[in-house]
Amino acid sequence: MSEVIKNFYEKNKIPKLILEQKLKKFEQHKDIASEFEGWISDKIYKTDGAVTVENYTAKKLSELSEYLNGDGAFMMLIELRENPKKAQERIAGGFKRK
């Protein structure tokens, strides 16, 4: 488990159940977790050698919507990897909230 990510969520007062779910996702996608740790430290998206899923990087996702800053961009990368069709539909729909 990434202490950097865990501390980030705890500092931002993410409820324990959601924190555990997010940590589990990052544990399954260590490359995305590693890049997220860098973002947490520097608040800069990696450009060279960034994790790319379905032609999207965290930086590119963050530019699509205000909801995808930091955590949201990296969680969307995971969603693109795990369920590309659903994630692509959300992107195409402009991330409308229910």
Side-chain angles (χ1 to χ4, degrees):
M1 172 188 351
S2 168
E3 286 300 314
V4 172
I5 294 174
K6 181 180 178 194
N7 290 338
F8 171 80
Y9 285 132
E10 287 175 345
K11 180 180 172 189
N12 287 285
K13 301 189 184 324
I14 300 296
K16 184 175 169 92
L17 179 62
I18 295 171
L19 181 144
E20 289 172 357
Q21 291 170 346
K22 288 178 179 275
L23 290 176
K24 184 176 179 185
K25 291 283 186 188
F26 281 115
E27 188 66 28
Q28 295 168 344
H29 302 276
K30 292 185 186 304
D31 56 340
I32 296 172
S34 177
E35 196 168 313
F36 183 40
E37 288 175 353
W39 182 89
I40 290 168
S41 298
D42 304 328
K43 300 295 187 266
I44 297 172
Y45 292 101
K46 188 174 181 180
T47 52
D48 293 335
V51 174
T52 303
V53 182
E54 299 288 319
N55 295 317
Y56 289 98
T57 63
K59 180 175 180 11
K60 185 174 179 181
L61 288 167
S62 74
E63 294 167 349
L64 296 176
S65 172
E66 65 184 283
Y67 300 113
L68 295 182
N69 188 18
D71 162 73
F74 291 98
M75 292 306 296
M76 180 56 75
L77 278 179
I78 292 172
E79 187 172 342
L80 278 162
R81 186 176 279 168
E82 291 183 345
N83 193 341
K85 184 177 179 188
K86 180 180 174 185
Q88 292 281 7
E89 288 172 0
R90 286 186 63 206
I91 293 167
F95 304 99
K96 292 184 177 121
R97 300 180 118 196
K98 293 180 182 179

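The first residue in the sequence is number 1, and the count goes up from there.
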Any side-chain heavy-atom pair from Val53 and His29 closer than 4.5 angstrom? no
Out of curiosity, Glu3 CD to Leu23 CG, how far, rounded to the nearest 0.5 Å? 9.0 Å
Any non-hydrogen side-chain atom of Gln21 less than 4.5 Å from a side-chain atom of Lys25? no
Just so I know, are the side chains of Asp71 and Asn12 near enough to count as touching, which here means a heavy-atom distance under 4.5 Å? no
Any side-chain heavy atom of Met76 sitting closer than 4.5 Å to one from Leu64? no
Point-to-point distance, once rounded to the nearest 0.5 Å, from OG1 of Thr52 to CG of Leu77: 8.0 Å
Any donor-acceptor pair under 3.5 Å from Asn83 side chain to Glu79 backbone: no
Salt-bridge contact Glu27-Lys30 (side-chain N to carboxylate O under 4.0 Å): yes
Without swapping roles, check the side chain of Ser65 against the backbone of Leu61 for a donor-acceptor pair under 3.5 Å. no
Examine distances only and state if a side-chain atom of Glu35 and a backbone atom of Val51 form a donor-acceptor pair shorter than 3.5 Å. yes
Looking at Lys16 and Glu20, is any side-chain nitrogen of the basic one under 4.0 Å from a carboxylate oxygen of the acidic one? yes
Between Phe36 and Tyr9, what is the ring plane arrangement, given parallel below 30°, perpendicular above 60°, and tilted in between? tilted
Please say whether more than 12 non-hydrogen atoms of neighbouring residues, nucleotides or ligands are located less than 6.0 Å from CG in Asn55. no
First locate atom CD1 of Ile78, then atom CZ of Arg81, and finally report the distance between them rounded to the nearest 0.5 Å. 8.0 Å
Can you tell me how far NZ of Lys22 sits from CZ of Phe8, rounded to the nearest 0.5 angstrom? 9.0 Å
Close side-chain approach of Tyr45 to Asn69, heavy-atom, < 4.5 Å: yes
Let me confirm one number: the CD1-NZ distance from Ile91 to Lys60, rounded to the nearest 0.5 Å. 9.0 Å
Between Ala58 and Ala73 the two heavy atoms that sit nearest each other are O-CB, 3.5 Å
Side chain to side chain, Met75 and Phe26, heavy atoms closer than 4.5 Å: yes
If only atom types and distance count, is the side chain of Lys43 paired as donor or acceptor with the main-chain N or O of Ile40 below 3.5 Å? yes
How many angstroms lie between CD in Glu37 and CD1 in Ile5, if you round to the nearest 0.5 Å? 4.5 Å
